[in-house]
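Naming: A, B, ... by sequence-line order, numbering from 1 per chain.
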Amino acid sequence: MTPQLPGLLDAEAIRKDFPVLDRLVHDGKKLVYLDNAATSQKPRQVLDALSEYYERYNANVHRGVHTLAEEATALYEGARDKIAAFINAPSRDEVIFTKNASESLNLVANMLGWADEPYRVDSDTEIVITEMEHHSNIVPWQLLSQRTGAKLKWFGLTDDGRLDLSDIEQVITEKTKIVSFTLVSNILGTVNPVEALVRRAQEVGALVLIDASQAAPHMVLDVQALQADFVAFTGHKMLGPTGIGVLWGRQELLEDLPPFLGGGEMIETVSMHESTYAPAPHKFEAGTPPIAQAVGLGAAVDYLSAIGMDRIAAHEHAITEYALRRLKEVPGLKIIGPDTPEGRGSAISFTLGDIHPHDVGQVLDEQGIAVRVGHHCARPVCLRYGIPATTRASFYLYSTPAEVDALVEGLEHVRNFFG
Amino acid sequence: MTPQLPGLLDAEAIRKDFPVLDRLVHDGKKLVYLDNAATSQKPRQVLDALSEYYERYNANVHRGVHTLAEEATALYEGARDKIAAFINAPSRDEVIFTKNASESLNLVANMLGWADEPYRVDSDTEIVITEMEHHSNIVPWQLLSQRTGAKLKWFGLTDDGRLDLSDIEQVITEKTKIVSFTLVSNILGTVNPVEALVRRAQEVGALVLIDASQAAPHMVLDVQALQADFVAFTGHKMLGPTGIGVLWGRQELLEDLPPFLGGGEMIETVSMHESTYAPAPHKFEAGTPPIAQAVGLGAAVDYLSAIGMDRIAAHEHAITEYALRRLKEVPGLKIIGPDTPEGRGSAISFTLGDIHPHDVGQVLDEQGIAVRVGHHCARPVCLRYGIPATTRASFYLYSTPAEVDALVEGLEHVRNFFG
Amino acid sequence: MYQEVILDHYKNPHGRGLRDGDVEVHHVNPTCGDEITLRVKLDGTSIQDISYEGQGCSISQASASVLNELLVGRQVDEAVKVQEVFLELMQSKGKLEPDDAMEDVLEDAVAFAGVSKYPARVKCALLSWMAWKDATAQALGDGAVRESA
Amino acid sequence: MYQEVILDHYKNPHGRGLRDGDVEVHHVNPTCGDEITLRVKLDGTSIQDISYEGQGCSISQASASVLNELLVGRQVDEAVKVQEVFLELMQSKGKLEPDDAMEDVLEDAVAFAGVSKYPARVKCALLSWMAWKDATAQALGDGAVRESA
Ligand SMILES: Cc1ncc(COP(=O)(O)O)c(C=O)c1O
Ligand SMILES: Cc1ncc(COP(=O)(O)O)c(C=O)c1O
């Protein structure tokens, strides 16, 4: 029997809100969805908010004087208020809607590339990231580095899956303009030491961008407590729709930094000869925004907040602890990343003897168990640990200990199959 | 009684598919939605496709080996096939999903800014647009011009709202690298002479980008017939969801041109030292794409195609002809843009004596009639004609002659009110 | 939102036209193109005249007329208080029901209460008031009026 | 998709290990990290040996084993035909039901028919075959094999 763990939410009640969790796959197998780090499922409340928006209020936002346009604008801007409250932003005007976390990260890289002093990234300056970043927090900086001549540096990893900060003074220096790192690793699960990184960045006057894509869905996110300059995350991993991301940035930076995409909505006034730009956040939102998706994300944070991010974190902590314990019982299984529940999130990567992750994933799928296999858009981590890929199980508020048990049983089956 | 016009669709039947059209506003007034150039309403078929996606298939796309990931990928890539067929693209790999038309346009501007020869836009080269562009096809080029030193030139307008091509040889020259113009003006309604512009661009070896945001929803769009190099449009104006746009580009250009946003999905292989990029279209789709929105847009083009774009165009032509005739009966009303139905789309801008468009729009709204007022993100057109703003009524496949009548009556009321 | 009072001011504006003044300002609402040119003439701290010319919607036109009617002849500090109450009303998003005290201060300007429900129009109503505040601050040559914003 | 035949080849691969050859190639599937190093040894146009080493999933490993079993000892032009039929099967998205004629050509390789339903895995199955084609073309020093791709 599956144990009752302390701190668990009433996942059975929560699961009723998620239609897809009733899906049967492969001729009647119950879906065990353990791919939450890739994307989360959506509760009925979010789907209803989307439908209601399209069925009653749909119009383009801003500047309309008709009823629907005013209602749609109120809903869209109301979603901004909700997100601002959810991340404890000092001002709603610091919340920029993008299409995903990747755009948010690229937006900062591009703002800095086109900025004036003191923010400008150029060939005399340095950019700092880490070896455990998602490709979306690597490639934008590689591009910026190639295009400006700035030097790209990074923190390496320890054998147990944590940032190696032993050379922090050499990595972050007076030349550093920006330090960008993930709060929680999507492949290793590691929670990174924000304070140490922010302190050092502030010492040298560098800006800090935190990729909170794997944090916002799972824990209390307080942008003021983080003391970062920018925080990026993505809607689809936190019960929201696809097609929406968020960039939070400090107001004075958003005022000073140049726009990225040009177009409707982001302007103050346009003539053929020159244009002036609207104040943030609009300055960074060119074109018709993801209106319905913002409304959906607003409904998602309402849902999360009603349960409580601290309780969600406790639930996942309990599940993760249990999962780590059970997984260690599987012969030949090796955890890639921290193998204790402290200082880690709920994504667990592992290898299983020399059975290739593709085979692990496929055989699990035949039993209805959805995990992700591959390099999880963090290939440098695989290179670092000398493995071609991992299998990753990742949990969320609707995950249950019984699903952990199903995974462990499934892995036994994989072992027998290829044994 | 409202006349039966030749070419009309059975709009009453069509309207049943659009839940929002049953909305009552201002204590029971029937909604008369004439703001289609800003955004279209969505049929139940599109909303059902969205819900079904989230309720049964939702997963992150590409590289997953589990059932949902494979199904979601098939749906997302299937949507690409549908769009490719809808615009008669030679290859599905030429269809890039973006967040809106504005991103599509910015994407081209940025590709050219970072490109190698022969595409590179720099201080020795020129960019050509027109005075009737939407801000989203002006500001990206102003930014590119400021950032590269390239010269920005444009075609002016004739008094009757058409492009003045009399100086085409002076405007498009050997120095021109890119000619970007709208196929249909969102403010004037004008349909532009693609052939003349493309011919001259080809003569001098310049690339051509066509902004088809106001064309794709309303007429047959055949990218091969247009002979352009890039075509941009947006989902929300053509029955699709917000949060999705399209850029079509010729395959060899997409191969040669550099990426724009960096991140997951757009790479082939990543190390900390360097990355290589996936082939198009993925090269230009960084991060988790607008999966549900692509599926929704696929359902939208299915809906449009089932009716037939030629029949939709005929319907709108009939409505536009009728609307122009009726509007001319309103004393003091002046049409801004072509005032005959030939060579124009179904967006009609006008002024009404010296009653400010804001007042026109507000009083119409009180009668349930939704029009847009302002500069419609095409302020240079207002400057050109010396007016602060216009009122714009714009039609679509569900518009009826009775709605035109309601507009005309509404305008009478406006005149009395402020008379 | 189109109260009779607003329409009256729109059709028969008070004090419209540019006359002699100490300071002239030109304000624009970039999102809708409304414009106003406004001059203030002070006699010490007493408002002798507010003259203006502009183009825009009925709300912005009527609001300038009300402004003229309400503030000309007052002391600047009194006028600033009126402006503050008007600003409060306009920013209330339709949630503020003007009471008798407010009506005493704002007179005809309470008719704009309904406009505050329409975010797109609030700026129209405020255009002339912001222009006046700016011009007055310049005329006094100090930050006193600015500060109380 | 994991037919007995595939598992057998995975567990007991034919001809695995690198031996003497005329040409060596190294192919990688960047999306999943599967790798193969492969050598061909020709005697004129007859395939004397295909030796290989690599890492990857059961599909890519088993497919290399089947390749070795099927092609060693054949004439290159015959082998190319086998390769073309295998490619056709793998690109069929599960819609092609192998008939007797195809079974005659592909022997054990028909077991991969089920893999063609899984787009993510098709590249795994083709990795060794593409490497072989490349190596053979190099060994022959001409475009003959390439052309028939
Ligand atoms: C002609 C034209 N181009 C571009 C756009 C921009 O589209 P979006 O706002 O979806 O980016 C629009 C619509 O707003 C338009 O009418
Ligand atoms: C840590 C991290 N950063 C960034 C991203 C990119 O998010 P998106 O694909 O929504 O842009 C992801 C998810 O894929 C992630 O896990």
Side-chain angles (χ1 to χ4, degrees), chain A residues 19-20 23 25 38-39 41-42 47 51 54-56 58-60 63-68 99-103 106 131 134-136 138-140 142-143 154 236 241-243 261-264 267 270-272 275 286-288 290-293 358 361-362 365 370 372-374 377 379-380 383, chain B residues 19-20 23 25 38-39 41-42 47 51 54-56 58-60 63-68 99-103 106 131 134-136 138-140 142-143 154 236 241-243 261-264 267 270-272 275 286-288 290-293 358 361-362 365 370 372-374 377 379-380 383:
Chain A
V20 84
R23 250 297 299 262
V25 292
T39 200
Q41 297 302 340
K42 325 299 173 200
L47 305 188
S51 301
Y54 285 124
E55 287 176 11
R56 287 190 57 75
N58 175 64
N60 212 326
R63 299 189 195 165
V65 296
H66 63 77
T67 307
L68 264 54
K99 69 175 176 176
N100 53 25
S102 302
E103 186 191 357
N106 279 276
E131 202 175 1
H134 188 279
H135 293 165
S136 293
I138 297 177
V139 183
Q142 289 179 335
L143 287 169
W154 57 86
H236 65 90
T242 57
L261 303 182
I267 55 95
V270 171
S271 77
M272 294 308 286
S275 300
T288 303
I291 308 169
Q293 292 74 35
H358 270 184
Q362 197 102 38
D365 178 58
R372 187 136 303 226
V373 299
C377 293
R379 187 165 172 273
L383 293 178
Chain B
V20 84
R23 252 289 305 259
V25 292
T39 200
Q41 298 303 339
K42 325 300 172 199
L47 305 188
S51 300
Y54 285 125
E55 288 176 10
R56 288 189 56 78
N58 175 64
N60 213 326
R63 298 189 194 168
V65 296
H66 63 78
T67 307
L68 264 55
K99 68 175 177 177
N100 53 25
S102 302
E103 187 191 356
N106 278 275
E131 202 175 2
H134 189 278
H135 293 165
S136 293
I138 298 176
V139 183
Q142 289 179 335
L143 286 170
W154 57 87
H236 65 91
T242 58
L261 302 182
I267 54 96
V270 172
S271 77
M272 294 307 287
S275 301
T288 303
I291 308 169
Q293 292 74 35
H358 271 185
Q362 197 101 39
D365 177 59
R372 187 137 304 226
V373 299
C377 294
R379 189 167 171 271
L383 293 177

Mind ranking A:Arg372, A:His66, A:Glu55 by heavy-atom pairs under 4.5 Å with chain B and telling me who comes out on top?
-> A:His66
Choice from B:Ala101, B:Cys377, B:Gly243 maximising heavy atom contacts with chain A below 4.5 Å | B:Gly243
Residue pair A:Arg379 / B:Ser271: nearest heavy atoms and the distance that separates them | NH1-N, 4.3 Å
side-chain hydrogen bond (donor to acceptor under 3.5 Å, both in side chains) against A:Asn106, all qualifying residues, sequence neighbours excluded | none
Per-residue tally against chain B (heavy atom, under 4.5 Å) across A:His236, A:Gln362, A:His358 peaks at A:His236
Among B:Ile138, B:Leu47, B:Asn58, residue most engaged with chain A (heavy-atom pairs, under 4.5 Å) | B:Asn58
Any donor-acceptor pair under 3.5 Å linking the side chain of B:Thr39 with the backbone of A:Asn60?
-> no
Counting only heavy atoms closer than 4.5 Å, note whether B:Val25 contacts chain A via side chain, backbone, both or neither.
-> side chain
Of all heavy-atom pairs linking B:Lys99 and A:Ala286, the shortest is CE-O, 4.5 Å
The salt bridge (charged side-chain N to carboxylate O under 4.0 Å, His left out) partners of A:Lys42 (sequence neighbours excluded) come to none
For B:Gln41, is it the side chain, the backbone, both or neither that has a heavy atom under 4.5 Å from a heavy atom of chain A?
-> both
Shortest non-hydrogen contact from B:Val20 toward A:Tyr54 | CB-O, 3.9 Å
Determine the minimum heavy-atom distance between A:Thr288 and B:Asn100, stating which atoms define it.
-> O-ND2, 2.9 Å
What part of A:Gln293 gets closer than 4.5 Å to chain B, counting heavy atoms only: side chain, backbone, both or neither?
-> both
Just do the side-chain contact (heavy atoms from CB on, under 4.5 Å) check on A:Val65 and B:Asp365 with the steps written out, would you?
-> CA-CA 7 Å; A:Val65 296; B:Asp365 177 59; 5.6 Å; no
Check each atom of A:Arg23 against the heavy atoms of chain B and say whether the ones under 4.5 Å are side chain, backbone, both or neither.
-> side chain
Given that the side chain runs from C-beta out, which part of B:Ile291 has a heavy atom under 4.5 Å from chain A: side chain, backbone, both or neither?
-> both
Shortest non-hydrogen pair, B:Gly287 vs A:Ser102, comes out as CA-OG, 3.1 Å
Contact origin within A:Leu261 toward chain B - heavy atom pairs under 4.5 Å | both
Taking every non-hydrogen atom, the tightest pair across B:His135 and A:Gly264 | CB-N, 3.9 Å
Picking from A:Val139, A:Leu143, A:Thr242, which has the most non-hydrogen pairs under 4.5 angstrom with chain B?
-> A:Thr242
Residue among A:Ser51, A:Gly374, A:Ser275 with most heavy-atom pairs under 4.5 Å to chain B = A:Ser275
